[in-house]
Chemist: 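Attaching a single structure in structure tokens format; questions to follow.
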Amino acid sequence: MEITAEPYGFDLRPGGVALLIIDMQRDFLEPGGFGAMLGNDVSQLRRTIAPNQRLLAAWRAAGLPVIHTREGHRPDLSDLPPAKKIRGRGKTTIGDPGPMGRILVRGQAGHDIIPELAPLPQEPVIDKPGKGAFFATDLHAILHNLGISQLVVTGVTTEVCVNTTVREANDRGFDCLVVADCCGSYFPEFHRMGLEMIKAQGGIFGWVASLDAVLAGLSSAIILQGAAE
Ligand code: TIU
């Protein structure tokens, strides 16, 4: 089923596609976490919550696989590169205590996915130490085992973890469709350009579509699949 997208239609195959939701964590979307620590206005990202809820509900209703990611580090910080720890020269850095627990540390409240998009028990959650979801994780193996070759990607931030992950996925042979209104940045300009970069040059890393286009395509694909069974 073709989804209206840029730079051209995306041929969604319900048997081989997963929804990949990137880093919708309290540390990025709520005050007092990693995003705020970097000097950002977290309210910029909160407009992505409702669209992600709509897509997630439709995706789950269609019975298709969902995978969530979280950026963060081991409590002993042994997987935190020293360069990442000191980046930004902030007074408070990764691993330090904050209002939602230790910043960007696994097991702390701030590291959790926001309650609005809480994973279901059968939905894999990928804990990643970097910006890309493939580096130092088992995401590639999980996608291989599920027979997935297409990813519908959402989350935050558009130009950092979403872009890095789409680039990693593209190099590994996955077709990625990024849902524009389900992604967000602390910088509206970077959001816009982050999407432009993906779809420029004939779709150099992937495709970009609106939420409405994905929901329309999803419902048609499910109806067709149901008719074929
Ligand atoms: N700072 C910023 O824009 N993003 C990150 O640090 N991580 C993710 O994008 N998840």
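In each ligand, atom 1 is the first atom listed, and ligand 1 is the first ligand listed.
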Chemist: Which protein heavy atom lies closest to atom 8 (C) of ligand 1, and at what distance to 0.1 Å?
Modeler: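 Result: C161 SG, 2.6 Å.
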Chemist: Mind checking whether V156 contacts ligand 1 via backbone (N, CA, C, O), side chain (CB onward), both or neither, at a 4.0 Å heavy-atom cut-off?
Modeler: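 It is the backbone that touches ligand 1; the side chain stays farther off.
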Chemist: What protein heavy atom sits nearest atom 1 (N) of ligand 1, and how far off is it?
Modeler: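 Minimum-distance protein heavy atom for atom 1 (N) of ligand 1 reads L38 CD1, 3.6 Å.
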Chemist: Please indicate whether any nitrogen or oxygen in E159 is less than 3.5 Å from any nitrogen or oxygen in ligand 1.
Modeler: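 Between E159 and ligand 1 (N or O atoms, distance only) the closest approach is not under 3.5 Å.
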Chemist: Where the side chain of Q150 meets the backbone of D11, is there a donor-acceptor pair that is under 3.5 Å apart?
Modeler: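 Side chain of Q150 to backbone of D11: a pair is present.
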Chemist: So if I count the atoms of ligand 1 from 1 in the order they appear, which ones are less than 4.0 Å from some heavy atom of D23?
Modeler: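 Close to D23: 8 (C), 10 (N).
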Chemist: Should the pair F174 and H140 be assigned to parallel (<30°), tilted (30 to 60°) or perpendicular (>60°) ring geometry?
Modeler: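 Answer is perpendicular, since the angle exceeds 60°.
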Chemist: Same cluster or not: are V152 and V66 linked, directly or through other Ile, Leu, Val, Met, Phe, Trp or Tyr residues, by side-chain heavy atoms under 4.5 angstrom apart?
Modeler: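 In one cluster with V152: V66, yes.
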Chemist: Judging by distance only, is a nitrogen or oxygen of T157 under 3.5 angstrom from one on ligand 1?
Modeler: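 T157 vs ligand 1: N/O contact under 3.5 Å present.
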Chemist: Between D96 and K85, is there a side-chain N and carboxylate O pair less than 4.0 Å apart?
Modeler: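 Between K85 and D96 there is a salt bridge, with a charged N closer than 4.0 Å to a carboxylate O.
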Chemist: Heavy-atom count check: over 12 atoms from other residues, nucleotides or ligands less than 6.0 Å from R54 CZ?
Modeler: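 12 or below, so no.
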Chemist: Looking at ligand 1, does any of its N/O atoms fall within less than 3.5 Å of an N/O of N40?
Modeler: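 No, since none of the N or O atoms of N40 sits under 3.5 Å from an N or O of ligand 1.
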Chemist: Give the residue and atom name of whichever protein heavy atom lies nearest to atom 6 (O) of ligand 1, and the separation in Å to one decimal.
Modeler: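 Checked against all protein heavy atoms, atom 6 (O) of ligand 1 sits closest to K131 NZ, 2.9 Å.
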Chemist: Can you pull out the closest protein heavy atom to atom 5 (C) of ligand 1? Residue, atom name and distance to 0.1 Å, please.
Modeler: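 Answer for atom 5 (C) of ligand 1: F28 CE2, 3.5 Å.
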Chemist: Would a distance-only check, ignoring hydrogens and angles, find a side-chain to backbone donor-acceptor pair under 3.5 Å from T93 to R89?
Modeler: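 Such a contact is absent between T93 side chain and R89 backbone.
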Chemist: Can you establish whether the number of heavy atoms outside R13 located under 6.0 Å from its atom CZ is more than 12?
Modeler: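 Check passes, neighbour count above 12.
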Chemist: Do you know which of E159, R192, H191 makes side-chain hydrogen bond (donor to acceptor under 3.5 Å, both in side chains) with S185?
Modeler: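 Considering E159, R192, H191, a side-chain hydrogen bond (donor to acceptor under 3.5 Å, both in side chains) with S185 is found only for E159.
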Chemist: With heavy atoms of F34 as the reference, note each atom of ligand 1 found under 4.0 Å away.
Modeler: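 Contacts of ligand 1 toward F34, numbered from 1: 6 (O).
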Chemist: Atom 7 (N) of ligand 1: which protein heavy atom is closest, and how many Å away?
Modeler: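 Answer, as residue, atom name and distance: E71 OE1, 2.9 Å.
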